[in-house]
> 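Below: one structure in structure tokens.
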Amino acid sequence: MLDSKQLRTDTESVARNLARRGFVLDLAAFRALEERRKQAQVEADRVRAERNGNAKAVGMAKGKGEDASALLQRGEQLTAELERSEAALVTVQAESDEWLMGLPNLLHDSVPDGADETANVEVRRHGTPRSFDFTPLDHIDIGQKLAGLDFDAAARISGARFSVLRGSLARLHRALAQFMLDLHTSEHGYQEIYAPYLVSAAALTGTGQLPKFEQDLFAVRGERTLYLIPTAEVPVTNLVREQIVAAENLPMRYVAHTPCFRSEAGAAGKDTRGLIRQHQFEKVELVQLVKPADSYAALEALTSHAEEVLKRLELPFRTVALCAGDIGFGSAKTYDIEVWLPGQGKYREISSCSNCEGFQARRMQARWRNPETGKPEPLHTLNGSGVAVGRALVAVLENYQNADGSVNIPVALRPYMGGSDKLLPAI
RNA sequence: GGAGAGAUGGCCGAGUGGUCGAAGGCGCGCCCCUGCUAAGGGCGUAAGGGCCAAAAGCCCUUCGAGGGUUCGAAUCCCUCUCUCUCCGCCA
């Protein structure tokens, strides 16, 4: 949610900013709506104040034993009047809220222009893609040779976009998650969090997935509706919802390893084969809650923490700054980290690190007490994958494959693999 | 699943229809007195929103949430959520 004060007082520049995303802010409609809201609220407040004063007068009159019948009659009128003006306010307020909740975040000045991913800007590159003396396979074929990747079974159990991992491949998958968690907790200063995988609509509204993107989520409908988390960002960021955090407790750095569930509505036909795009996948997620003045330094740090995972795994990657048209709804600035996949011959997203500034905080009412003003102010929230576990598994398989179908285990993962250095093909 | 008890400000806790956003205490902040490893006194101390160019000021909302009764609800009624205790079941 945008700062409504800024939206009202600085409408033109807000509109200019959103236009960079290709989002058209209808200024005339906004001003008309705002005018109606203002009038309705002033009117409702006025009537309510009069009703309260009248009720108080009744109490005083009765206390003195005076006749209050005229006041009681006036009270009835006022209550009826209040009912009408409150109904009008609720209607226009709902309209205004819905509209406000549908506005994306403002972009940071440093975000490059552009309409889609072709305009994203590479900011750095690390490692060199290995040259193969044989034609590298993709992870699906490698997984098949290892007898560790079973999409047929998954399809029988759950349908498309699910996977079954077996044996050493399942273990490697687990090793990746363990390695990432250990790195972030012991070297990067994050506290490990275990959090719910089913969350309320309110939590999802806080981080921005609702109300606009419900079609991307899996809902579990029972006595009350809960949603499967699409990312640990949702429960972990919501740790501070409706809180006022003391300045000395910032920054907060959290890491969580969770499954993520996405309906992938609208992705039909995209990455249909393999582990790249699944309804269920694992992710190690980094979340930081910081003072506003620190959030861009924190974004750089958080991104470097995600990059460190790939450096330790000795996987080639590049980091790109997303352009205006490609940035997510709630983010002010995002870096994507893309890992090299020999099977596809290109870099693919493995992490996305965003500074949401106060956008989520305002929705969640997550605040910190600014010692300079003594007032609660929205804190800044950041999140980033550190990194997607399934995609990391793909990257390891494809980058570490050998001609004989075996796969070397990255040195960093060997302690988590019982010391072994190689996955051997089944055949 | 069965039975019961609760939900009030940063915390504890009073308040069962009327100047209650809410006594008292703790904590915290400022000041005074005193003077040294303490004690006493005074004042202040929630959040959200609106009017206003802004400040000041004024107004509205909020006592778990939502509805209802009433001129008036923290207080009465209904529904829901959450917490706690006991029993049962259970990874």
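Per chain, numbering begins at 1; letters A, B, ... match sequence-line order. This one's a predicted model, so the numbers in the text were calculated from it and none came from an experiment.
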> Please convert RNA chain B into dot-bracket. A pair counts if it is Watson-Crick or G-U wobble with both distances under 3.5 Å; crossing pairs go in [ ] and bases paired with another strand get |.
((((((((.[[[..)..(.....]]]((((((.......))))))((((((.....)))))).[[[[[..)....]]]]])))))))....

> Show the nearest heavy-atom pair for residues A:G343 and A:E398, with the distance to one decimal.
N-OE1, 2.8 Å

> Dump the intermediate steps for salt bridge (charged side-chain N to carboxylate O under 4.0 Å, His left out) on A:E308 and A:R312, then the final yes or no.
CA-CA 6 Å; A:E308 187 63 23; A:R312 302 280 177 105; 2.7 Å; yes

> Expressed in whole Å, how much space separates the P atoms belonging to B:C28 and B:A22?
24 Å

> So what does A:R367 touch, heavy atoms closer than 4.0 Å: a base, only the sugar-phosphate, or nothing?
sugar-phosphate

> Heavy-atom distance under 4.5 Å between the side chains of A:E285 and A:T231, does that happen here?
yes

> Where each residue is assigned the nucleotide of RNA chain B containing its nearest heavy atom, which of A:I244 and A:T79 is assigned the position nearer the 5′ end?
A:I244

> Using a 4.0 Å heavy-atom cut-off, does A:R369 contact any base of the nucleic acid, only the sugar-phosphate backbone, or nothing at all?
sugar-phosphate

> I'd like the P distance from B:A7 over to B:A14, given in whole Å.
9 Å

> Quick test of your reading: applying ring pair (Phe, Tyr, Trp, His ring centres under 6.0 Å), list the pairs with at least one residue in residues 21-62 of chain A, sequence neighbours left out, ordered by first then second residue.
A:F30-A:W99

> Suppose you measure atom C1' in B:G10 against the same atom in B:C87; what distance do you get, rounded to whole Å?
37 Å

> Under 6.0 Å between the ring centres of A:F359 and A:F329?
yes

> Are A:R46 and A:E81 within salt-bridge range, i.e. N to O under 4.0 Å?
yes

> When all nucleic acid strands are considered with a 4.0 Å heavy-atom cut-off, which category describes A:L71: base, sugar-phosphate, or nothing?
nothing

> Take A:L313 and A:L176 through the side-chain contact (heavy atoms from CB on, under 4.5 Å) test and state the conclusion after the steps.
CA-CA 9 Å; A:L313 293 173; A:L176 280 161; 3.8 Å; yes

> Is there a donor-acceptor contact under 3.5 Å linking the side chains of A:Q360 and A:T381?
yes

> Only counting residues at least two apart or in another chain, list the ones meeting ring pair (Phe, Tyr, Trp, His ring centres under 6.0 Å) with A:H257.
none

> For RNA chain B, whose closest nucleotide is more 5', that of A:R8 or that of A:G53?
A:R8

> With P as the reference atom in both, quote the distance from B:C82 to B:G68 in angstrom, rounded to an integer.
23 Å

> Go through it in stages, so that I can follow the logic: the residues are A:S352 and A:D336, the test is side-chain hydrogen bond (donor to acceptor under 3.5 Å, both in side chains), and I'd like the CA-CA distance, side-chain angles, deciding distance and then a yes or no.
CA-CA 4 Å; A:S352 191; A:D336 271 9; 2.8 Å; yes

> Salt-bridge test for A:E187 and A:R253: reply yes if a basic N is under 4.0 Å from a carboxylate O, no otherwise.
no

> Looking at RNA chain B, which of residues 34-50 of chain A put a heavy atom within less than 4.0 Å of it?
A:R37, A:K38, A:Q41, A:V42, A:D45, A:R48, A:A49

> Rounding to an integer number of angstrom, what distance separates B:U62 and B:G9 when you compare their C1' atoms?
11 Å

> Side-chain polar contacts of residues 388-397 of chain A - donor-acceptor pairs under 3.5 angstrom, sequence neighbours left out - could you list them?
{"residue": "A:R391", "atom": "NE", "partner": "A:I276", "partner atom": "O", "Å": "3.0"}
{"residue": "A:R391", "atom": "NH1", "partner": "A:E349", "partner atom": "O", "Å": "2.9"}
{"residue": "A:R391", "atom": "NH2", "partner": "A:I276", "partner atom": "O", "Å": "3.0"}

> Distance check, C1' atoms only: B:C86 and B:G18, in whole angstrom units.
41 Å

> Classify A:G75 by what it touches in the nucleic acid, base, sugar-phosphate, or nothing, heavy-atom distance under 4.0 Å.
sugar-phosphate

> Would you measure the distance from the P atom in B:G6 across to the matching atom in B:C77 and give it in whole Å?
13 Å

> Say we look at B:C32 and B:A74: how far apart would their P atoms be, to the nearest angstrom?
41 Å

> Can you give the first and last nucleotides of RNA chain B, 5' to 3', that have an atom under 4.0 Å from a heavy atom of chain A?
B:G18 to B:C82

